[in-house]
Amino acid sequence: MISDKLLPFGTTIFAEMTGLAIEHDAINLSQGFPDFEGPAAIVDAAVEALRSGDNQYARSRGHPTLVQAIAASRKRLYGLSYDPMEEVVVFSGATEGIASSLLGLLNPGDEVILFEPFYDSYPACVALAGAVPRYVTLRFPDFALDLDELEKAITPKTRLIVLNSPHNPSGKVFTREELTGIASCAIENDLIVLADEVYEHLTFDDAEHLPIASLPGMRERTLTLSSTGKTFSFTGWKIGWGTGPRPMIDAAQAAHQFVTYAVAPPLQVAMAHALSEFTGDEFLRTFRNEYTARRDFLLTVLDSAGFQVAVPRGTYFVLADFTALFDGDDREFARWLTTEHGVAAIPPSAFYQVRPEEGRRLVRFAFCKRMETLRRAAERLGRIAP
Ligand SMILES: Cc1ncc(COP(=O)(O)O)c(C=O)c1O
């Protein structure tokens, strides 16, 4: 019964690996959700909002309190000004943001540039919009952007570039030089950009997240998506948003009104509280320090277990080459690791379309887990060397 548009995409690899992890009682380093709670004050704010009677349909473009908090945080963090009532829309997570933005902005036959490895909902949503993806491959281990390849992928039909930075699954943070190159390409070819920045606060060492919308000439052609799930460790609440120039927000809203219409008001109010109270320097410093410790621990474990790792500069994922440990492809390795050694991870060849061989020797681990969970995984990973 599945439509021709969706048939090629099957079940997401995340559902498959999480299912296998549960079946084999494996430590789940596959799906990117924390196994710890976010700040209790945010839960308190949600409970208070639930009790206050704000429980009917919210304003479709977003609860006034939340859109104001989003606009204020963009101004404070990046110096970007958005009109809270006209240039912000609240989605049911960035996932809905991706779908509604692509459905609202694209016409059938438009071409869309996707960088591979990609977040798996991009090709599916491009297909739902009747548009055509064109892929530019980023290669292990540094995933540097080849601007010539990007330019070659652009045709007269190209309408939009999807840019994800910090980048899942590679952990790459696009550099200022790369972003400037993408921006020039977009301006010269009159393209629009959908910038998925859900990991905006997850950067390590000296890597700095630079919103592409902040580059000259880009604010008017960029719809930026972000989400509270990663920053506040409430992935299940699914509160995300888009910011951009009014014509782009109107386009995304044109789809959003028919996709979800609106998002749960008490959770929006609580996230407004979170954005106002928990994006100060102190909170973000602690957040980054804790994630840096988790990353460094996992990198050491993977290195001593015999993997070759791509050191992530952002996100909570690490891609590792397992060829010194196992003779087989990424799906076989991920299955073996889960069923024989009790650690679940993601085989990333599913995140490539034109060069899946790039992903066949790699596996993705998520380190958004308690140190205790990572230590238990470390014991198991320490035993896999042949
Ligand atoms: C790159 C990227 N975009 C979007 C999302 C989805 O965000 P949300 O949970 O807010 O729907 C994720 C979640 O893993 C992601 O990694």
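Counting convention: from 1, in listed order, for ligands and their atoms alike. Remember, predicted model here, so these are calculated numbers, not experimental data. Keep in mind that the numbers below use all heavy atoms, side chains included, and drop hydrogens, waters and symmetry copies.
Ranking the protein heavy atoms by distance from atom 14 (O) of ligand 1 puts K230 NZ, 2.7 Å first. D196 OD2, 3.4 Å is the protein heavy atom nearest to atom 2 (C) of ligand 1. For atom 16 (O) of ligand 1, the closest non-hydrogen atom of the protein is Y199 OH, 2.6 Å. Scanning the protein for heavy atoms near atom 9 (O) of ligand 1, the closest one is K238 NZ, 3.5 Å. Protein heavy atom closest to atom 10 (O) of ligand 1, with residue, atom name and distance, is S227 OG, 2.6 Å.
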Q) Does the pair R74 and T243 meet the rule for a side-chain hydrogen bond (donor to acceptor under 3.5 Å, both in side chains), with working shown? A) CA-CA 9 Å; R74 303 302 91 183; T243 47; 5.7 Å; no
Q: Could you give me the CA-CA distance, side-chain angles and deciding distance for F297 and F367, then say whether side chain to side chain contact (heavy atoms under 4.5 Å, CB included) is met?
A: CA-CA 9 Å; F297 178 76; F367 54 86; over 6 Å; no
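Remark: aromatic rings of F365 and F307 are close, center separation under 6.0 Å.
Atoms of ligand 1 lying under 4.0 Å from any heavy atom of N164, numbered from 1 in the order shown and given with element: 1 (C). Counting the atoms of ligand 1 from 1 in the order shown, those under 4.0 Å from a heavy atom of G93 are 10 (O), 11 (O).
If you look at E96 next to ligand 1, there are no close heavy atoms at all, none under 4.0 Å. With a 4.0 Å cut-off on non-hydrogen atoms, T95 touches ligand 1 through its backbone as well as its side chain. When non-hydrogen atoms are compared, ligand 1 lies under 4.0 Å from the backbone of A94 as well as from its side chain.
Under 3.5 Å, the side chains of Q253 and S60 contain a donor-acceptor pair of N or O atoms.
Proximity of F91 to ligand 1 is not established, as no heavy-atom distance is less than 4.0 Å.
Considering each of W237, Y119, Y316, Y122, the one bringing a non-hydrogen atom nearest atom 5 (C) of ligand 1 is Y119.
Residues P266 and N55 come closest through the heavy atom pair CG-OD1, 3.3 Å.
Each of R219, R61, R246 was scored for a side-chain hydrogen bond (donor to acceptor under 3.5 Å, both in side chains) with E87, with one residue passing: R219.
Between N28 and F33 the shortest side-chain heavy-atom distance falls below 4.5 Å.
Using a 4.0 Å cut-off between charged nitrogen and carboxylate oxygen, D205 and R295 count as a salt-bridge pair.
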